[in-house]
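To start, the structure under review is shown below, and the notes come after it.
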Protein chains: 2
Amino acid sequence: MNTDPLQDIHLSISAVERDTGLSKDTLRMWERRYGFPSPTRDNNGERAYSLTQVEKLRLIVRLLALGHRPGKVIGLPTAALEAMGSRTAAATSSTPGSGPGETEPAEIAGFLELIRSHQLAGLRQRLLHKLATEGLSRFVCATVAPLNVAVGEAWIRGQLKVFEEHLYTEQIQSVLRTAISALPSPWQPPRVLLTSLPDEPHNLGLLMVEALLAVEGATCIPLGTETPCDEIARAARAHQIDVVALSFSASFGPRQAWAGLTQLRGLLPEPTALWAGGATMAQLRKPPPGIDRVVAFTDLLWMLGQWRQTRSTEPC
Amino acid sequence: MNTDPLQDIHLSISAVERDTGLSKDTLRMWERRYGFPSPTRDNNGERAYSLTQVEKLRLIVRLLALGHRPGKVIGLPTAALEAMGSRTAAATSSTPGSGPGETEPAEIAGFLELIRSHQLAGLRQRLLHKLATEGLSRFVCATVAPLNVAVGEAWIRGQLKVFEEHLYTEQIQSVLRTAISALPSPWQPPRVLLTSLPDEPHNLGLLMVEALLAVEGATCIPLGTETPCDEIARAARAHQIDVVALSFSASFGPRQAWAGLTQLRGLLPEPTALWAGGATMAQLRKPPPGIDRVVAFTDLLWMLGQWRQTRSTEPC
DNA sequence: GGACCTAAATTGTCCAGGACAAATCATTGA
DNA sequence: TCAATGATTTGTCCTGGACAATTTAGGTCC
């Protein structure tokens, strides 16, 4: 008898869709084409995926995000996939030379170590200290941004558990929100609406943008995440929005992003600017027409200045 | 020519799935069985839904949440649906008499009016004022809780747009998070892990719980929302957790909640307490064995006291 | 009248297998 | 080296059938 109770657990196709982000259609198609995953069937003849297979699926999803092709990786044994993951992550590892004024890699590693060793209080304390030392804007650009990248990479390599990443995200959000609250009331245009499209639940990027803009005195209207396109358009009208800022994390498909942005552009009045940022946007060759892409957080200040200059010379 | 650009916009079936929460399968099945929605087809023969139909679908989803049967409501004209919504919401409206010390219904209505008129600054200011007057604990129990109910009901009745509800949620979260940050460091057990199961993205309830517990000096470890069961168990071990607190909003199915709780109970060590709260839990006849149910926010303090008493007389 | 049980209707999800457009790769020619 | 073209890969959509789970309706007994 197997003593591990996890061995006997099987998931339905919808549970796997939830846990991996792969659509039911895709799961069935992979099975048809590549022979993996090959779930057993339950009493009703419905697919029952083992936890091992789900784990391997997650690994494959990570590799796809790194640029591998499905046909090349599905069907390889798990060990080979893991090796491939580490190799690619190392190769992809961005910008070995840290930018000017960016927090030292060693210090980033120190933060990672705090996360991994579950020292909640220590992590929080060091974040607050860094914030106090650098000021909000530099904290966001020079510390939080590279730390996010580091956490994302560690997660891709499987060096970070899901709950550790959750904890990190919560702490950063808490620190940023508190810092934003402490700022004086906004005193200048533009009025910026901050949100993400449905299927994009990550809030951290939006919060970082809000911090940078709020420091510059812009009026931020945060809607949280996952606002349907037509609702964004309604909100923009109701709040007399000048700029709609959207965030797309790496897990958001480029095709879907393009479609959503195009649709939203059509719903918004012409003078409203549409800024799109995040990992997905950075990967895109070219943004859809009428959309301003935010490649790095430091771009934001430039775009803000640009907007103000244009509007002050062309008053409505 | 129609001047409204929204008229010409059509959505794919996946976009409708995103925006309404109804699965592709369900959308096709409704079309097959009830003749609604009846999307036109694009050049590729694929379904193209008009915004009008999407709007009606959202309305139907609201009615289903109120307990109506699909067969009875799908196919009725929009006007009839709206009337039905108002009627049912009025009938379901809970607890006409406000509890002792609870914020006046008139004041709640005032808040609602601020939300509906998009006065972000005014809303925030009044929330902060109320918080300063009542203190954090009473603010959460006597103001935020009934306000949440009121907002939920207004949304069900269609008196509140999605983006208005998003804005409200963001503001409350901001206010609560700031208040929590301002509290002194925790100085007493228990150590409480706060999170929700996958498919439960609502964070507000968790934040309210965190506020109440933090005021009492308990150590809160917030993981954000949607943590898989096995990860919750891992986190509980890593952080030497005494109590795991889970939140289930009204949109979370009772059956799914029961299954998730039972599974989690099996994964957690015996001495770890498991507290479950939220609208779904309140509806449940009986909580699963080994799980403590939080019916109202005011229960929390009692449960906390109970826990401390038990543990002080039975020191490990 | 109410509690309890059974049969019928309702409803969401799953399945198979076909089709196709968009993206990507490989090849060729300038 | 770069651009254009054809082949391949890949995700999503379609139809129509099946079925388990839930809810409702009908009937019986206390």
Side-chain angles (χ1 to χ4, degrees), chain A residues 10-18 20-49 57 60-61 63-75 199 251-260 262 280 283-286 288, chain B residues 10-18 20-49 57 60-61 63-75 199 251 253-259 283-285:
Chain A
H10 288 266
L11 304 182
S12 71
I13 193 171
S14 55
V16 176
E17 175 180 42
R18 184 157 63 41
T20 65
L22 297 163
S23 76
K24 298 183 185 70
D25 273 328
T26 302
L27 285 167
R28 286 192 277 254
M29 188 53 93
W30 282 8
E31 183 181 343
R32 207 198 302 179
R33 289 208 178 119
Y34 313 116
F36 181 89
S38 53
T40 56
R41 298 300 178 119
D42 66 6
N43 300 330
N44 303 327
E46 303 187 346
R47 292 172 174 80
Y49 298 82
L57 282 171
I60 291 175
V61 168
L63 288 175
L64 294 192
L66 285 173
H68 289 276
R69 300 299 303 276
K72 308 285 179 181
V73 293
I74 305 175
D199 274 357
S251 56
F252 202 91
R255 222 155 45 101
Q256 209 181 351
W258 184 286
T262 309
T280 300
Q283 285 178 345
L284 232 53
R285 294 235 166 234
K286 213 175 60 169
Chain B
H10 289 267
L11 304 183
S12 71
I13 193 171
S14 55
V16 176
E17 177 181 40
R18 277 215 301 15
T20 65
L22 297 163
S23 76
K24 298 185 185 74
D25 273 329
T26 302
L27 286 167
R28 286 194 276 254
M29 187 54 91
W30 283 8
E31 182 181 343
R32 209 198 298 179
R33 288 207 179 120
Y34 312 117
F36 181 89
S38 53
T40 56
R41 298 300 177 118
D42 67 5
N43 300 330
N44 303 327
E46 302 185 350
R47 292 172 173 79
Y49 297 83
L57 281 171
I60 291 175
V61 168
L63 288 176
L64 295 192
L66 283 173
H68 289 276
R69 303 297 304 276
K72 309 284 180 181
V73 294
I74 305 175
D199 273 356
S251 56
R255 218 161 40 102
Q256 209 180 350
W258 185 285
Q283 286 177 344
L284 233 53
R285 293 235 167 233

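Below, read A as the first sequence line, B as the second, and so on, with proteins coming before strands; counting in each chain starts at 1. None of these values were measured; they are calculated from a predicted model.
- Taking the salt bridge (Lys or Arg N to Asp or Glu O under 4.0 Å) definition, one finds that A:R18 meets it with B:D199, sequence neighbours left out.
- Protein chain A contacts DNA chain D over a range whose 5' and 3' limits, counting nucleotides with an atom under 4.0 angstrom from a non-hydrogen atom, are D:dT9 to D:dA20.
- Heavy atoms of A:W30 sit under 4.0 angstrom from primed sugar atoms or phosphate atoms, though from no base atom.
- Under 4.0 angstrom from either OP1 or OP2 of C:dG12 there lies no side-chain N or O belonging to B:S23.
- Contact between the side-chain N/O atoms of B:Y34 and the OP1/OP2 oxygens of C:dT10 is not found at any separation under 4.0 Å.
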Could you write nucleotides 14-21 of chain C as a row of B, S and -, 5' to 3', where a protein heavy atom under 4.0 Å of any base atom gives B, of only sugar-phosphate atoms gives S, and otherwise -?
BSSBBB-S

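- An angle of 30°, rounded to 10°, separates the two end axes of the helix from C:dG1-D:dC30 to C:dA30-D:dT1, each defined over five pairs.
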Show which side-chain atoms of residues 32-47 of chain A pair as donor or acceptor with protein atoms under 3.5 Å away, not counting sequence neighbours.
residue : atom : partner : partner atom : Å
A:S38   : OG   : A:Q53   : NE2          : 3.4
A:T40   : OG1  : A:A48   : O            : 3.2
A:R41   : NH1  : A:G45   : O            : 2.8
A:D42   : OD1  : A:N44   : N            : 2.9
A:D42   : OD1  : A:G45   : N            : 3.1
A:D42   : OD1  : A:E46   : N            : 2.9
A:R47   : NE   : A:E31   : OE1          : 2.6

Please evaluate residues B:K72 and B:L63 with respect to the criterion side chain to side chain contact (heavy atoms under 4.5 Å, CB included), reporting the C-alpha separation (whole Å), side-chain torsions for both, the decisive distance (0.1 Å), and the verdict.
CA-CA 10 Å; B:K72 309 284 180 181; B:L63 288 176; over 6 Å; no

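- In terms of heavy atoms, A:H68 sits closest to A:V73 at CB-CG1, 3.8 Å.
- Distance CD1/A:I74 to CG/A:L64: 6.5 Å, rounded to 0.5 Å.
- In this structure, the side chains of A:L57 and A:L27 come closer than 4.5 Å at one or more pairs of heavy atoms.
- At C:dT10, none of the side-chain N or O atoms of B:R69 fall inside 4.0 Å of OP1 or OP2 (strictly under the cut-off).
- In this view, B:S12 and B:S14 satisfy the side-chain hydrogen bond (donor to acceptor under 3.5 Å, both in side chains) rule, not counting sequence neighbours.
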